[in-house]
Amino acid sequence: MVSSMIYCREHSLVQSARSAESGVPKTFGMRISIPTLQDQPGGIGPGNRIIRAALISLMERDIMFKPKFFTVLSEITPQQLAKDLTAGILVGIVALPLAIAFAIASGVSPEKGLITAVIGGFLVSFLGGSRVQIGGPTGAFIVILYGIVEQYGVNGLMIATIMAGVILMIMGFAQFGSLIKFIPYPVVVGFTSGIAVIILSSQISDFLGLAIDKVPADFIEKWIAYATHLGTFNPESLAVGMLSLLLIIFWPKVSRKIPGSIVAIIASTLLVRFAGLDVATIETRFGDIPSSLPDPAIPVFDFATVRQLVMPATTIALLGAIEALLSAVVADGMIGSRHKSNMELVAQGVANIITPLFGGIPVTGAIARTATNVKNGGRTPVAGMVHAVTLLGIMLLFGKWAKLIPMPTLAAILIVVAWNMSEHHVFRQLLKSPRSDVIVLLTTFGLTVVFDLSLAIEIGMLLSVILFMQRMAGLANVDVVTGELRDREEEDDPNTIVTRAVPEGVEVFEITGAMFFGAASKFKDAMHIVENKPAIRIIRMRKVLSIDATGLNMLRELLLDCRKSGITLILSGVHAQPLFAMQQFGIYDEIGEENIFGNIDDALDRSRDLLGQPKRGRAEDFVPTVKRDKE
């Protein structure tokens with residue numbers, strides 16, 4: 001028996017292990033002794049291969065389940081720490097009204113939303129697999145949580161949340177994180193658009209100030225109740241709600257530094273307080289908001305309730321997983337990083353087990369808050385932890401004043417959330433997709449709105465499997481699938497954007513794998529958070545080996561959005577099949593041959609040319625990624 005001594009950096013541990021037979025890499029870090037069996041004279045026998053494969057698998061697993069915070073800890077410089085602190089504080093301010101509004105809409109008291117953002121948000125950042133993910137309560141959960149509270153009470157919600165946390169941890173350790181990325185986008189849009197319609201309908205009573213003692217949970221019954229009580233609407237509530245809505249919509253034209261929702265809350269609270277308006281507030285509905293975190297308490301478990309909550313808990317877990325991983329993919333494209341999806345699921349699971357012990361509700365990744373973090377300079381999990389601490393400070397110091405917030409203002413905030421969540425532009429585009437996609441979209445949407453979200457999840461997942469098998473049967477590039485199934489630490493990449501000088505006024509977003517179409521849409525929405533719009537937007541497509549009609553529609557939508565905003569769109573890393581498909585679809589000429597490139601260096605030089613700057617040429621360590629660059 002002999003030993004092969006391997007020296008490797010932590011993030012390239014597996015690669016070094018695989019290259020051990022060809023020599024010892026000149027790197028630094030851990031020293032690992034890998035025993036080998038010399039089964040055949042002068043050669044490497046099967047025993048050696050088995051042991052080596054087993055050790056490589058253990059190394060991969062060790063890296064896969066190491067939180068991002070600990071892998072980037074050595075990279076945090078004083079300058080980056082300052083940016084993370086600033087970003088965390090700003091995101092904490094943005095999260096304040098959303099946490100309160102989501103809690104109330106879910107049928108629980110407002111402080112439970114704050115507790116969720118504080119404890120859950122901290123754990124997601126500390127233990128998660130993303131550099132910049134911001135965790136907290138989101139609109140995706142409102143429908144299912146409201147139903148659980150109605151039927152099983154707050155104790156039942158705590159049990160369901162803990163069960164969802166356990167399911168998420170099982171999904172993570174079973175390495176399901178990469179598989180969730182393959183859920184077809186029509187299914188996701190069907191869920192989210194349906195949830196958005198329900199959120200909107202649930203806020204009509206508070207927005208209009210209708211005198212309804214208890215709003216029905218059923219969608220159709222709810223609108224019947226609104227119609228029968230329409231004569232009881234409160235003009236003062238409507239005025240406050242409209243004022244808040246207008247402030248939220250138009251304030252970004254004044255400043256994007258201070259969220260419109262914060263401005264609306266301050267303005268409407270002062271108006272109601274000093275004008276003596278007869279408008280419902282958090283205080284009149286829920287009483288005082290505690291100014292401290294409660295002591296942990298274990299819910300009362302009984303087997304009958306647990307059995308009934310299996311499907312609701314599974315729904316929470318699936319929604320949380322989809323939302324968190326979609327948010328992480330969008331963030332990856334914005335910062336040129338790579339998240340660990342399985343570690344992210346484990347962290348989400350831990351957060352959902354611990355948070356309800358303090359009275360919180362389910363936690364997941366929040367796309368808008370994550371994008372806000374990125375655009376304000378956050379690049380490590382420190383920003384997410386600071387966001388949680390900021391919210392805790394606000395809760396402790398100013399919690400007693402939050403009770404004065406008018407209910408119509410919170411309704412206005414949620415109406416805007418529902419509008420943004422509806423993805424109406426994507427919904428319309430998907431209606432032009434192949435018939436199978438349209439059927440899936442309308443089925444999941446209809447089931448979510450009219451029937452039950454849990455039923456919609458069941459049918460939607462079944463349709464996902466059928467669609468996935470159908471698409472994989474016609475996919476020639478198997479590496480697209482296997483590449484997405486790998487969930488490793490960030491690898492050495494000679495063409496990474498981190499090593500390139502990106503000119504001021506240029507933004508680069510990289511499309512990665514199967515989540516491209518969903519991420520592209522979310523990315524477009526996230527870009528609206530940017531205070532100063534870029535002059536040029538570069539979309540990297542080196543990992544998109546094939547594209548279908550749905551993807552082409554999304555790409556055209558991105559192009560139209562860029563034109564509307566006066567932004568030049570440049571594509572880089574475009575492979576042969578997408579290039580041919582764009583020519584057939586007509587989008588090739590719309591973008592312009594001069595703005596489509598095979599690699600990022602040429603695309604950056606094109607942006608420099610447009611900005612009147614000298615070109616730099618290709619990097620010394622440039623590696624071709626498309627076939628025509630290799631010829």
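For reference, positions follow the sequence shown, starting with 1. All values below were derived from every heavy atom in this structure, side-chain atoms included, with hydrogens, water molecules and symmetry-related copies excluded.
Under the 4.5 Å side-chain criterion, counting only non-hydrogen atoms from C-beta, Val72 is in contact with Pro381. Here the side chains of His424 and Arg428 are in contact, with some heavy-atom distance below 4.5 Å. At a threshold of 4.5 Å between non-hydrogen side-chain atoms, the residues Ile159 and Met163 count as touching. Contact of the Ile100 side chain with the Ile104 side chain is registered, since non-hydrogen atoms from C-beta on lie closer than 4.5 Å. Counting only heavy atoms from C-beta outward, the side chains of Asp561 and Leu569 never approach each other to under 4.5 Å. Contact annotation: the side chain of Ile195 approaches that of Thr448 to within less than 4.5 Å [non-hydrogen atoms, C-beta and beyond]. Considering only heavy atoms from C-beta on, Leu145 comes within 4.5 Å of Leu157 through its side chain. Side-chain contact between Ile538 and Glu507: absent, with no pair of heavy atoms (C-beta onward) separated by less than 4.5 Å.
Thr355 places no side-chain N or O within donor-acceptor distance of the main-chain N or O of Asn352, the cut-off being under 3.5 Å. Between the side chain of Ser125 and the main chain of Phe122, no donor-acceptor pair closer than 3.5 Å is present. The backbone N or O of Ile405 lies less than 3.5 Å from no partner atom in the side chain of Thr409, so there is not a single donor-acceptor pair. No donor-acceptor pair under 3.5 Å is formed between the side chain of Asn373 and the backbone N or O of Ala87. The main-chain N or O of Lys66 is found under 3.5 Å from a side-chain atom of Lys340 such that the two form a donor-acceptor pair. The backbone N or O of Ile258 lies less than 3.5 Å from a partner atom in the side chain of Trp251, making a donor-acceptor pair.
Evaluation of the ring-ring contact (aromatic ring centres under 6.0 Å, His included) rule for Tyr146 yields no partner, not counting sequence neighbours. With sequence neighbours excluded, the residues satisfying side-chain hydrogen bond (donor to acceptor under 3.5 Å, both in side chains) with Glu111 are Ser109. Every residue two or more places apart in sequence or in another chain that forms a side chain to side chain contact (heavy atoms under 4.5 Å, CB included) with Pro252 is listed here: Arg256. In this view, Phe445 and Ser193, Val197, Phe427, Val449 satisfy the side chain to side chain contact (heavy atoms under 4.5 Å, CB included) rule, not counting sequence neighbours. In this structure Gln151 satisfies the side-chain hydrogen bond (donor to acceptor under 3.5 Å, both in side chains) test with no other residue, sequence neighbours excluded. Every residue two or more places apart in sequence or in another chain that forms a side chain to side chain contact (heavy atoms under 4.5 Å, CB included) with Ala412 is listed here: Phe207, Ser244, Leu245, Ile248. Applying the side-chain hydrogen bond (donor to acceptor under 3.5 Å, both in side chains) rule to Ser202 yields no partners; only residues at least two apart in sequence or on another chain are considered. Remark: Ala331 engages Val132, Thr370 in a side chain to side chain contact (heavy atoms under 4.5 Å, CB included) (not counting sequence neighbours).
Nearest heavy-atom pair, Ala351 versus Leu123, reported as atom, atom and distance to 0.1 Å: CA-CD1, 3.8 Å. Of all the heavy atoms in Pro137 and Ala117, the pair that sits closest is CD-N, 3.9 Å. For the pair Thr116 and Gly136, the tightest heavy-atom approach, listed with the atom from each and the gap, is CG2-C, 4.4 Å. Nearest heavy atom pair, residue Met395 against residue Leu114, reads SD-CB, 4.0 Å. Ala103 and Gly113 make their closest contact through CB-N, 3.4 Å (heavy atoms, listed as atom of the first residue, atom of the second, distance). Here the closest heavy-atom approach between residue Ala140 and residue Glu323 is recorded as CB-OE1, 4.0 Å.
For the atom pair OG1 of Thr372 and CD1 of Ile134, the computed distance is 9.0 Å after rounding to the nearest 0.5 Å. Residue Ile198 holds its CD1 atom at 9.5 Å from CE of Met421, rounded to the nearest 0.5 Å. A distance of 9.5 Å separates CG in Leu391 from CD1 in Ile93, rounded to the nearest 0.5 Å. Between the CD atom in Gln203 and the CG atom in Leu410 there is a gap of 8.5 Å [rounded to 0.5 Å]. In this structure, the separation between OG1 on Thr77 and CG on Leu81 is 8.0 Å, given to the nearest 0.5 Å. Atoms CG and CZ, from Leu96 and Phe398 in turn, are 10.5 Å apart once rounded to the nearest 0.5 Å.
The stretch residues 379-388 participates, sequence neighbours left out, in these side-chain hydrogen bond (donor to acceptor under 3.5 Å, both in side chains) pairs: Asp84-Thr380.
A salt bridge does not link Glu344 with Lys68: none of the charged nitrogens is closer than 4.0 Å to a carboxylate oxygen. Using a 4.0 Å cut-off between charged side-chain N and carboxylate O, Glu75 and Arg131 make a salt bridge.
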> After noting the C-alpha distance and the side-chain angles of Val149 and Tyr152, does the key distance pass the side chain to side chain contact (heavy atoms under 4.5 Å, CB included) rule?
Replying inline: CA-CA 5 Å; Val149 173; Tyr152 303 100; over 6 Å; no
>> I'd like to know whether Ile361 forms a side chain to side chain contact (heavy atoms under 4.5 Å, CB included) with Met158, so could you lay out the CA-CA distance, the side-chain angles of the two residues, the decisive distance to 0.1 Å, and finally the verdict.
In response: CA-CA 7 Å; Ile361 58 178; Met158 293 174 67; over 6 Å; no
> Passes side chain to side chain contact (heavy atoms under 4.5 Å, CB included), Leu447 versus Thr444? Steps please.
Replying inline: CA-CA 5 Å; Leu447 289 172; Thr444 52; 5.9 Å; no
> Could you walk me through whether Leu414 and Ile142 pass the side chain to side chain contact (heavy atoms under 4.5 Å, CB included) check?
Replying inline: CA-CA 11 Å; Leu414 286 171; Ile142 289 176; 4.2 Å; yes
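The aromatic rings of Phe69 and Phe126 are tilted relative to each other, their planes meeting at an angle between 30° and 60°.
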Which atom pairs, one a donor and one an acceptor, fall under 3.5 Å between side chains of residues 309-320 and the rest of the protein, sequence neighbours left out?
from: Thr314; atom 1: OG1; to: Val310; atom 2: O; distance (Å): 2.8
from: Thr315; atom 1: OG1; to: Met311; atom 2: O; distance (Å): 2.9
from: Thr315; atom 1: OG1; to: Ser454; atom 2: OG; distance (Å): 3.2

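More than 12 heavy atoms of other residues, nucleotides or ligands lie within 6.0 Å of CG in Leu397, so this atom counts as buried by the packing criterion.
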